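Not measured: the values here are computed from a predicted model.
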There are 2 protein chains.
Amino acid sequence: MDETRQRDREGTRRRILDAARRLFADLGYDQVTMRAIAAEADANIALINRYFGSKRELFAEVLAMQGRFPGVLEGPEEELPRRLAEYVADRLRSDQGSVVLAALIRSSSSPEIHEIIRDRVSSAILEPLSARLSGPDAAFRATVAAALVTGTGTMRQLYGPDAAAAPDHEVVVARLTAVFEACLGM
Amino acid sequence: MDETRQRDREGTRRRILDAARRLFADLGYDQVTMRAIAAEADANIALINRYFGSKRELFAEVLAMQGRFPGVLEGPEEELPRRLAEYVADRLRSDQGSVVLAALIRSSSSPEIHEIIRDRVSSAILEPLSARLSGPDAAFRATVAAALVTGTGTMRQLYGPDAAAAPDHEVVVARLTAVFEACLGM
DNA sequence: GAAGTTAGTAGACGCTTGTTTACTCGTCAA
DNA sequence: TTGACGAGTAAACAAGCGTCTACTAACTTC
């Protein structure tokens, strides 16, 4: 009756990492238990700490696994507001965006990972974004734009996909583009 | 050695409520323990549930205690962006703003109080704000503005009072005013 | 002054958490 | 075939959580 489990260190490690990425993004750091990760990965709970050391270190590795702010930051500066607006508008409907952002929004109140999240937000969002901006106060303008991104995520988390009940997708994008222009423009 | 504790039902109730308000605003719902509230209020832990029923109901009463979005929403519509900008700019430096907002930002990932927070954000922020807006899509525009407010709170929580390292207070207010105008304007 | 009400207290309850230990057993080199 | 290595497992660990019960003692009422 009991299945013969295959021995696959790298495979198991990857299953745990994937399960943790999904759960952390969906629920936030301290709503996710080690047992939930183990169940989602179909692995024994003791293997998590064997391969990653601790829950905290697993979370750090999940964040480190993710790339930079996906694609949005490439391209000329004058198109940045539009791309950010489309990114946010898409995120408002389907919740399948950056894990860094999702984890940030849902985990920023857990003090034990505060430093991990802060460093990751800096290196993945704020620094590349402000590096793309010309003019004075680039860091501040990038922070305001980042606040808008995280804030829409929070509202989306509170109210679900229909958070901002706007009739038309294009209206949403146009409005958000104007807002990001006000954030980022000189 | 043991002090004779005076019997003061209403006073004790108020001490617990005040302590809970401070701690929830500072740390968020599930970082605050019943024992921490009892210690901060200098009261016995069993009295919390005697007077409020449960931690969840205490949190709800803390939110209900708070008034509406403080003062910002009064006055003519065309001055709204400026007042919101000044409110946010002040909040970015000293963290003594609305408890509703602070608790929201730090507690929105706790599913057991999700509904409480959502209802409170609707009645205290979104509804009065969108009621002040003329033109189409008032609810959506109010949501975007609310996202900016909560997002700056999140960034502030991550990076502390020096989150947005802007040289001048007036620069910050001017920038935020423009952003809120883009959010709220027709 | 006696009796009753009730604010306040101490401590335990059951449960969940992250973490660790002791063990089983599949795999592969000698 | 035998031995060692190590992936995988089950169970327990201590600590912390929200909640609840049994009790003490201060106040009110008659």
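Following chains of ILVMFWY side-chain contacts shorter than 4.5 Å, one cannot reach A/Leu176 starting from A/Val171, and the two form parts of different hydrophobic clusters.
In this structure, A/Phe52 atom CZ and C/dT20 atom P are separated by 16 Å, rounded to whole Å. In this structure, the CD atom of B/Gln6 is 16 Å from the C1' atom of C/dT9, given to the nearest Å. Rounded to an integer number of Å, the gap from B/Arg9 CZ to C/dT6 P is 9 Å. Put simply, CD on B/Gln31 is 15 Å from C1' on D/dG18, counting in whole angstrom units. Distance CG (B/Asn44) to C1' (D/dC23): 12 Å, rounded to an integer number of Å. Rounded to an integer number of Å, the gap from A/Leu58 CG to C/dT19 C1' is 14 Å. Following rounding to the nearest Å, A/Glu57 (CD) and C/dT19 (C1') show an atom-to-atom distance of 12 Å. Computed from coordinates, the A/Glu112 CD to D/dG16 P distance equals 13 Å when rounded to whole Å.
Among the heavy atoms of the strands lying under 4.0 Å from B/Tyr51 are primed sugar atoms or P, OP1, OP2 only; no base atom is included.
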Which pairs, protein N/O on one side and nucleotides 28-30 of chain D N/O on the other, fall under 3.5 Å?
none

Measure all distances between protein nitrogen or oxygen atoms and nitrogen or oxygen atoms of nucleotides 16-18 of chain C, and list the pairs falling under 3.5 Å.
from: C/dG18; atom 1: OP1; to: A/Val32; atom 2: O; distance (Å): 3.4
from: C/dG18; atom 1: OP1; to: A/Lys55; atom 2: NZ; distance (Å): 2.8
from: C/dG18; atom 1: OP2; to: A/Met34; atom 2: N; distance (Å): 2.9
from: C/dG18; atom 1: N7; to: A/Arg35; atom 2: NH1; distance (Å): 2.9
from: C/dG18; atom 1: O6; to: A/Arg35; atom 2: NH2; distance (Å): 2.9

Write down the protein N/O and nucleotide N/O pairs, taken from nucleotides 22-25 of chain C, whose separation is under 3.5 Å; answer none if there are no such pairs.
none

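No side-chain donor-acceptor contact under 3.5 Å links B/Gln31 and B/Asp26.
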request  = Verify salt bridge (charged side-chain N to carboxylate O under 4.0 Å, His left out) between A/Glu10 and A/Arg14, making sure each step is shown before the conclusion.
outcome  = CA-CA 6 Å; A/Glu10 283 311 310; A/Arg14 189 163 10 88; over 6 Å; no
message = Please determine whether side chain to side chain contact (heavy atoms under 4.5 Å, CB included) holds for the pair A/Leu104 and B/Leu158, giving the CA-CA distance in whole Å, both sets of side-chain angles, and the decisive distance to 0.1 Å.
response = CA-CA 10 Å; A/Leu104 153 70; B/Leu158 265 191; 3.5 Å; yes
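Between A/Arg82 and A/Glu77 no salt bridge is recorded (no basic side-chain N to carboxylate O distance below 4.0 Å).
Checking side-chain atoms of A/His169 against main-chain N and O of A/Ala89 turns up no donor-acceptor pair under 3.5 Å. Side-chain N or O atoms of B/Arg15 include one that pairs as donor or acceptor with a backbone N or O of B/Asp42 at under 3.5 Å. Proximity of a side-chain donor or acceptor of A/Asp137 to a complementary backbone N or O of A/Phe140 within less than 3.5 Å is not detected.
Here the shortest heavy-atom pairing between B/Ser123 and B/Pro128 reads O-CD, 3.3 Å.
Judged as a ring-ring contact (aromatic ring centres under 6.0 Å, His included), and not counting sequence neighbours, the contacts of A/Phe59 are A/Phe24, A/Tyr29.
In this structure, A/Asp8 and B/Gly53 both approach DNA chain D, and ranking their closest nucleotides by distance from the 5' end singles out A/Asp8.
Side-chain contact between A/Ile105 and B/Thr154 is absent, with no heavy-atom pair separated by less than 4.5 Å. The side-chain heavy atoms of A/Val149 and A/Ile125, taken from C-beta on, include no pair separated by under 4.5 Å. Looking at heavy atoms from C-beta onward, B/Arg93 lies out of side-chain contact with B/Arg156 at the 4.5 angstrom threshold.
Within residues 12-23 of chain A, the residues having any heavy atom under 4.0 Å from DNA chain D are, by residue number, A/Thr12.
Judged as a salt bridge (charged side-chain N to carboxylate O under 4.0 Å, His left out), not a single pair has a partner in residues 112-121 of chain A (not counting sequence neighbours).
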